[in-house]
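Only one structure is covered here, and it is reproduced in the block below.
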Amino acid sequence: MNKAVIGLQWGDEGKGKIVDYLSEDFDLVVRYQGGNNAGHTVIVEGTTYKLNLIPSGVIRGKICFLGQGVVLDPNHFSNEYDQIAKKIDNPKVFLSSNISLILNYHKQLDKINELILNVEKKIGTTSKGIGPAYQDKVGRKSIKLYDLKYKNIIEEKLYSIKTFYDPILESFNESKINIEQTVKDLLCFYDLVKDLIVDNSLIKKEFKNKKVLFEGAQGALLDLDHGSYPFVTSSNTVSSNIVIGSALQVDYQTVGIFKAYTTRVGNGPFPSELFDDTGNYIAEKGVEIGTVTKRKRRCGWLDLVSLKYSCEINRVNELCMTKADVLNSLSEIKVCKSYNSKEYEDINFSDSEFLESLSLEESDFEFFSSWGEIEELSKYETLPDNLKKYIAYIENYLNIPIKIISLGPERNQTIIR
Ligand code: GDP
Ligand code: IMO
Ligand code: MG
């Protein structure tokens, strides 16, 4: 059966590591949304791979495909491809012809969008031009990969883009769109990638009978519609976007992935956030620094209320819990089980004002004791009882089995039940 690995929190749950692990049993690994705002780290026998666009299946030599729901920055893609080609022989990476491109002015607009907001309203984006690129897609202005075959089409599209955006760019002292240079760069890029492009009409034939693993980017709580709006990313991260974003008309089982605690990069509500030494300790031990922007990730206890919501909106079949090892030595570990004594009903997770207004009480938490060192363990049966209790509590709350447990960043620090 095809599978999807989907983040259930605010991203960085360890999707890259688990996709790499699982991809052994699949032929094709597919990204269906997002762009190089994603940062996926995989460590195999001491070698670290940092991927933003290319699915983690590339490390095992699997066929990788970026579907039409992805937004692609040509410069970034070329660099990432070159980097991975230094480590992996002949990486098999293909791009949907329908992909919308991120151009330089999208990054300028990303900056301007943030600039005009008051401090407390800033999103804290990755500055990669993601929001403006999706805005252009929805606004029917995108330059698509299939456009790159025709110089006159690129020029024509850029002309209207320039007419629309130059006044804004100019008023913020940003450089205006240079059509000549952009056309030159895009034609040059097309020359490099034309053999990697799969026309959408050929996807069915090209990937026939392949066993597919879908790699989510970001997380459910950053979903444009389901997440804490406006502190979200600009794509639908949830599993229901898979068929649209990949154009692969297939069924799949969904593996929902979460950390044993919670992190968030950027701004927006975070009900179980820790502002004390414990939060700093988790950040340090878990090396919670953003892969893309190097910002410190905010840390807090595991939040089962939002996790239950994420499982529901993703129709999760099984769970994967990562980074339990980070909590090893804490004398007391907490799990958020309610907001203001309410479990789940009637909470609109898209309403950031409401989420910001919450202040959790001790009674909103369940308490657990430390479980000690676990990094070397390789079988579920050998896990300490305190960790088993933690796992059982979560499974019981969510009513979904935790089938994969990750106890360290290395590929082999993974337990399957
Ligand atoms: P992604 O965006 O969901 O792929 O996650 P990131 O790669 O951005 O962040 C997860 C980080 O945690 C990476 O540095 C991983 O190497 C690391 N990691 C993944 N699983 C584990 C784990 O079980 N324990 C520890 N200590 N680190 C992990
Ligand atoms: P992975 O795939 C964590 C966050 C940004 C910001 C918000 C909007 O590694 O889990 P954007 O640049 O997308 O417009 O920023 O979304 N964000 C992520 N946070 N992990 C990610 O990806 C993220 N991608 C975007 O920090 O708050
Ligand atoms: Mg990440």
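Position 1 is the first residue of the sequence; numbering continues from there. Counting convention: from 1, in listed order, for ligands and their atoms alike.
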| Taking atom types as modelled, is there a side-chain donor on Ser78 or Asn75 under 3.5 Å from an acceptor on the other? |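 Note: Ser78 and Asn75 side chains miss the donor-acceptor criterion.
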
| said: With heavy-atom distances below 4.0 Å as the criterion, list the atoms of ligand 2 near Leu222. | reply: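 Within the 4.0 Å cut-off of Leu222, ligand 2 contributes 4 (C), 16 (O), 17 (N), 18 (C), 19 (N).
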
| query | Are any of the N/O atoms in Gly11 less than 3.5 Å from those in ligand 1? | reply |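 Gly11 vs ligand 1: no N/O contact under 3.5 Å.
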
On a heavy-atom basis, I'd like to know which of [options] is closest to [atom].
atom	options	result
atom 27 (O) of ligand 2	Val265, Asn113, Thr293	Val265
atom 2 (O) of ligand 1	Gly39, Ser56, Gly14, Ala217	Gly39
atom 21 (C) of ligand 1	Lys15, His40, Lys323, Glu13	Lys323
atom 5 (C) of ligand 2	Ala133, Gly124, Ser234	Gly124

| Going by heavy atoms, is Gln218 under 4.0 Å from ligand 2? |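 Within the 4.0 Å threshold, so yes.
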
| message | Against ligand 2, does Lys15 come closer than 4.0 Å with any heavy atom? | response |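 Contact present.
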
| field | Polar protein atoms near the Mg ion (ligand 3) [N, O or S; cut-off under 2.8 Å] | value |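 Under 2.8 Å from the Mg ion (ligand 3) - ignoring waters, which are not counted - the protein N, O or S atoms are Asp12 OD1, Gly39 O.
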
Contacts table for residues 324-332: side-chain donor-acceptor under 3.5 angstrom, sequence neighbours left out:
| unit_1 | atom_1 | unit_2 | atom_2 | d |
| --- | --- | --- | --- | --- |
| Asn328 | OD1 | Trp371 | NE1 | 3.3 |
| Asn328 | ND2 | Asp325 | O | 3.1 |
| Asn328 | ND2 | Glu375 | OE1 | 3.1 |
| Asn328 | ND2 | Glu375 | OE2 | 3.4 |

| query | Nearest 0.5 Å, what's the CD1-NZ distance between Ile154 and Lys184? | reply |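 Rounded to the nearest 0.5 Å, the CD1-NZ separation comes to 14.0 Å.
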
| Is there a side-chain contact between Val29 and Phe65, using heavy atoms and a 4.5 Å cut-off? |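 They are not in side-chain contact.
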
| task | Assess Arg297 for proximity to ligand 1: is some non-hydrogen atom of it under 4.0 Å away? | result |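 It does; at least one heavy atom falls under 4.0 Å.
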
| query | For ligand 2, does Arg295 get within less than 4.0 Å through its side chain, its backbone, both, or neither, judged by non-hydrogen atoms? | reply |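 Answer for Arg295: side chain.
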
| Given that the side chain starts at C-beta and the backbone is N, CA, C, O, which of these parts of Phe231 lies under 4.0 Å from ligand 2, counting heavy atoms, or is it both or neither? |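 Phe231 to ligand 2: no contact under 4.0 Å from either part.
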
